[in-house]
Amino acid sequence: MEAYILHLSIMAGIYIILTVSLNLIIGYAGQVSLGHAAFFGLGAYVSALTSLNWGLPFPAALVLAMLFAGACGLGLGLPTLRLKEDYLAIVTLGFGVIVDLIMVNLTITGGPDGLVGIPAPVIFGLSFRPPVRYLALVLLTVGFTLLVVHRLVHSYHGRALRAIRDHEVTAQVMGVNTPAYKVMIFTLAAALAGAAGSLYAHYITFINPESFGLHTSILVLSMVILGGMGSLAGSVVGAMTLAVLPELLRRAQAYQDLIYGALLIVLLIWRPQGLLGGGKLSLKFLRKKE
Amino acid sequence: MSLLTVDSLTKHFGGVKALEEVTFEVEPGEILALIGPNGAGKTTCFNVINGLLPPTAGRVFLDGVDLLDLPPYHRARLGLARTFQNIQLFGGMSVLENVLTGRHLGLPVGPLAALWPGAGVRRAEAHARRQALDLLDLVGLADKEEWPAESLAYGERRRLEIARALAQEPRLLLLDEPAAGLNPRETEDLMELLARVRERDLTLLVIEHDMSLVMGLSHRIVVLDQGCLIAQGAPAIIRRHPRVIEAYLGREEEEEESEEGRDGSLDSSPIQ
């Protein structure tokens, strides 16, 4: 039982990183991405391959995974971020499919069978194979992610991002270099998703393309929406809820997706801004008025 | 030297000639009004000056710098700010945050400095905050700094948009119909505000339909009609200019002749 809770916690932590990074793109910068799992997968494969083939230690593999995923985010962002809404949705969706196909078809990625025997992280001679230690490692990364993103969105860069989200043209007229900001945020989000991928690969020790397809992109998107766009606490709650919920619904496995869908619809009717989204400002405003 | 030079600016949308060889200059420190009937090309002119639309031909210079290939955010850096006809606030932000966004360019710190802000960055932020609060005071919104921008009344939004543009500390401020939708009292307040703004060593280019505001505030007026500049000069002259009166009220002579007259004598006849 304890092992099971540890496993859930580790997975929830990995999902928190993914959700926070996607929230940067969607909730803060107001852009669309339906291919976020691709960066997750790229991070996982790069980290796994560099460990397996070159025997790189975990920290180096992690950094490489982030750099590679970030570079792919940059490469996708540069030509596409002048696109808007539905067009950007289709391009990112396409990107996800392409990455998925590459993973399935390359020999080096092990094709549909994926990669096995990915070593558990060893840092300064300390093995992170025991789940308790791995959880600590994940929590450390979650904390780091939250710190960086919190600082970023509460700086004047965050203001610029929200300006882009609210009114891109106006932001531009006011001197915000909107293309640079959009590419920057896409790159950062991709790198963070890459880190999540690396943590996932070395924890599960076996990866195949199935984990990084459209289904995962949609799941992470649901976590963002459930928690609330533009809310960090919301992302944490959203990710934990949807990571744990399937376990609670395990008995009703056949109806899982049905219940998911119903819950999301109810939420969107009842609280379209998500569980924790958009509440802060209006509360302050109410208090002021009284 | 003039602050803004608009040189033979032409903008066509397919067959529609929104701007046709428009040339005028804005002198430093003056308030220049851009007027004309609906569809005259006034907002298009702003959008081209701003960089939101590329011109079909012609050039725009700000203080001698050719703006043609510069994106809007670069033009802002050179001292160009504007407000919009349909107010464009950042609805999800507070009143203060809207103004602070206008200070964006005043915070030249790198991405890492923002992540681990040192004393210098915090000082810059605090300074920006004070400036923003001063501006809110100027436009009479100081008590509403924490309000969500979208909860403001219409007239207040107009003033917030002006405060936000002023936060950019521009050299040239383009105001697109600042009095649109305001009642006479609010318009009076606005005129008072603009008069105060003028003391800030600022040059204004204003699109406006409200003639009391135009005549009372501006030093010079440029009149556009169907994309062409038909007159420019002091308010007293424009008020009596036959072509301006014709553009606004129409002419009662034969249709053909008026069409002829348009094409024949449209090279601008500045009266000064």
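Computed from a prediction, not measured in an experiment: that's the story for all the values here. FYI, side chains are in, hydrogens and waters are out, and symmetry mates aren't considered; it's all heavy atoms of this structure. Every chain is numbered from 1, with letters handed out A, B, ... down the list of sequences.
No side-chain heavy atom of A:R162 sits under 4.5 Å from any side-chain heavy atom of B:F90.
Annotation for A:T170 and B:Q88: closest pair OG1-CB, 3.3 Å, computed over non-hydrogen atoms. When all heavy atoms of B:Y73 and A:T178 are compared, the pair lying nearest together is CD2-N, 4.1 Å. Closest approach of B:Q168 to A:V173, counting heavy atoms only: NE2-O, 3.6 Å. Taking every heavy atom of both residues into account, A:M174 and B:R164 meet most closely at CE-CG, 3.2 Å. Annotation for A:H167 and B:L89: closest pair CD2-O, 3.0 Å, computed over non-hydrogen atoms. The shortest non-hydrogen separation linking B:G91 to A:D166 is N-OD2, 3.4 Å.
Heavy atoms from other residues, nucleotides or ligands lying under 6.0 Å from CG of B:D201 number 12 at most. B:F13 CZ: more than 12 foreign heavy atoms inside a 6.0 Å radius. More than 12 heavy-atom neighbours from other residues, nucleotides or ligands sit within 6.0 angstrom of CZ on B:F84. Counting non-hydrogen atoms of neighbouring residues, nucleotides and ligands closer than 6.0 angstrom, the CZ atom of B:R171 exceeds 12 such neighbours. Annotation: B:H127, atom NE2; neighbour count of heavy atoms from other residues, nucleotides and ligands within 6.0 Å does not exceed 12.
In terms of non-hydrogen atom pairs under 4.5 Å with chain A, the most contact-rich of B:P72, B:A165, B:P170, B:A167 is B:P72. Each of A:A171, A:A160, A:G175 has some count of heavy-atom pairs under 4.5 Å with chain B, and the biggest count is that of A:G175.
Atom-to-atom distance recorded for A:R159:CZ and B:R103:CZ is 10.5 Å, nearest 0.5 angstrom.
For B:L78, no part lies near chain A; criterion is any non-hydrogen pair under 4.5 Å.
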Checking B:N50 against A:Q172 for the side chain to side chain contact (heavy atoms under 4.5 Å, CB included) test, could you report, in this order, the C-alpha distance in whole Å, the side-chain angles of both residues, the deciding distance, and whether it holds? CA-CA 10 Å; B:N50 231 187; A:Q172 237 180 40; over 6 Å; no

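Sorted by first then second residue, the salt bridge (Lys or Arg N to Asp or Glu O under 4.0 Å) pairs that include residues 184-199 of chain A, not counting sequence neighbours, number zero.
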